[in-house]
Amino acid sequence: MSKEIEFKIPMSKEKAEEIIDKIFQEYPYVLKIKTDRYWNSIDDSNAKNHEIIRIRSTNIVSDKMIKHFSPDKECDVKNWFFYPTYNMFNAAEIEKWEDPESENDIYITYKHRKVTEKGESNSEFEEKISKEQCDVVSKCFDALGYRYFNKIKRCLTFRPKFTTFGEIVVDFDNVNDLYYFEIEYVLENDSALTSEEATIALEEIIKYFGLNPADKDNRLWRDILKI
C-alpha cells in the first residue's frame with residue numbers, strides 16, 4: 001500500500017487561464033478526462049479520517065474525442081478545457097466512449113484519507129479492473145447502502161522540469177467548471193523523500209505557478225461540488 005501527499009489549490013478562471021498559457025508555452029502535456037465514482041462508508045465531512053472506495057475511469061483525450069464532445073465540433077485544446085461541463089457530456093457518455101486512438105483504463109482504489117493542518121494524505125491500494133468487474137463492484141456497494149457520488153474531471157497533466165525528486169505529475173483540473181491545481185507525491189518504501197520533505201517540495205512547485213499553498217482545499221469532493 002502506498003501513501004500520497006496531496007494538495008488541491010482552487011483558482012479563479014482568470015488565474016487558470018494564466019497558468020494554462022504557461023503550461024502550453026513551457027511543457028509537454030497530456031489531456032485526460034476522468035470519471036470518478038466514490039463510495040464513502042460514513043456521512044461526516046468534518047471527520048479527519050475516511051474509508052473510501054473509488055472507481056476511476058481515465059481516457060487520454062484524442063482529437064476525435066475533442067470534436068465529438070464539443071458543441072461546435074471544432075475547437076482547440078484550451079477552448080475545450082474551458083467549455084461548460086453541463087453543455088458537453090455526462091459520466092455515462094464518457095464511459096461508453098470507444099476510440100482506438102484514446103486510452104481507456106479503469107481502476108478500483110481503496111483509500112484511507114487523513115486530514116491534518118499540513119494537508120491531505122491518502123494511503124491507497126489500487127488495481128486495474130475490467131468493465132465487467134466495474135459493474136459488479138458498483139452493484140455491490142450500491143446494495144450495501146454506501147453514500148455514492150460521481151464527478152467528471154478534465155485534466156492537463158504535465159511534469160514540472162525543476163523538481164528535485166524526479167518526475168512528478170501535476171493535474172491542472174476543470175471539475176464541474178471549478179478550477180484546481182492538483183499535485184501529489186506518492187511515498188513508497190524506497191521513496192527518496194520523507195512525508196515532510198515531500199510536502200515542502202510540493203509547496204515550492206505551487207508557489208512557482210503563482211499560487212499560495214495556504215489556499216489548499218482539504219474538503220471531500222462531494223462537499224466542494226455540494227453534492
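If you read the sequence from its start, that first residue is 1, and numbering goes on from there. Treat the numbers as computed from the prediction; the structure is a model and nothing was measured. These values consider heavy atoms only, across backbone and side chains, with no hydrogens, waters or symmetry-generated copies.
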Q) Going by heavy atoms in the side chains, are Lys78 and Asp21 under 4.5 Å from each other? A) yes
Q) Does the pair Arg219/Asp217 count as a salt bridge with the N-to-O cut at 4.0 Å? A) yes
**Q.** Partner of Val175 under side-chain contact (heavy atoms from CB on, under 4.5 Å), chosen from Lys8, Lys153, Glu182
**A.** Lys153
Q | Gap separating the CG atom of Leu178 from the NZ atom of Lys151, nearest 0.5 angstrom | A | 12.0 Å
Q: Could you state whether Val170 and Ile200 fall into the same hydrophobic cluster, counting links through intermediate Ile, Leu, Val, Met, Phe, Trp or Tyr residues with side-chain heavy atoms under 4.5 angstrom apart?
A: no
Q | For Thr109, side chain to side chain donor-acceptor pair (under 3.5 Å) partners two or more places apart | A | Arg54, Glu126
Q. Which atom pair, heavy atoms only, marks the closest approach of Leu225 to Asn176?
A. CD2-CB, 3.9 Å
Q | Exercise: identify the closest heavy-atom pair between Phe209 and Ile19 | A | O-CD1, 3.6 Å
**Q.** Ring centers of Phe7, Phe181 separated by less than 6.0 Å
**A.** no
Q: Mind checking the CD1-CG spacing from Ile52 to Leu220? Nearest 0.5 Å is all I need.
A: 5.5 Å
Q. Nearest 0.5 Å, what's the CG-CD1 distance between Asp135 and Ile129?
A. 9.0 Å
Q. Do you know the tightest heavy-atom contact between Asn174 and Tyr179?
A. ND2-CE2, 3.5 Å
Q.
Ignoring hydrogens, what is the shortest heavy-atom contact between Ile5 and Leu202? Give both atom names and the distance.
A. O-CD1, 3.6 Å
Q.
Trp221 vs Asp36, test: side chain to side chain contact (heavy atoms under 4.5 Å, CB included). Steps then yes/no.
A. CA-CA 10 Å; Trp221 275 112; Asp36 289 346; over 6 Å; no
Q) Any chain of hydrophobic side-chain contacts (each under 4.5 Å) joining Val136 to Ile55? A) no
**Q.** Test item: Arg154 side-chain N/O and Phe81 main-chain N/O as donor-acceptor pair under 3.5 Å
**A.** yes
Q. Between CD of Gln133 and NZ of Lys128, what distance do you get to the nearest 0.5 Å?
A. 11.5 Å
Q | From OH (Tyr38) to CG (Asn150), nearest 0.5 Å | A | 10.0 Å
Q | Closest non-hydrogen atom pair, Pro160 against Ile205 | A | CG-CG2, 4.1 Å
Q. Between Asp177 and Tyr83, what is the shortest heavy-atom contact and its length?
A. OD1-O, 3.7 Å
Q) Counting N and O atoms only, with roles assigned by atom type, does the side chain of Asp171 sit under 3.5 Å from a partner on the main chain of Cys155, one being a donor and the other an acceptor? A) no
Q) Taking the side chain as C-beta and beyond, is there a heavy-atom pair between Leu156 and Leu31 under 4.5 Å? A) yes
Q: Take the angle between the ring planes of Trp39 and Phe141 and call it parallel below 30°, perpendicular above 60°, tilted in between.
A: tilted
Q: Please work out which of the three classes, parallel, tilted or perpendicular, describes the rings of Tyr27 and Phe158, given edges at 30° and 60°.
A: tilted
Q | Straight-line distance of Leu211 CG to Ile9 CD1, nearest 0.5 Å | A | 6.5 Å
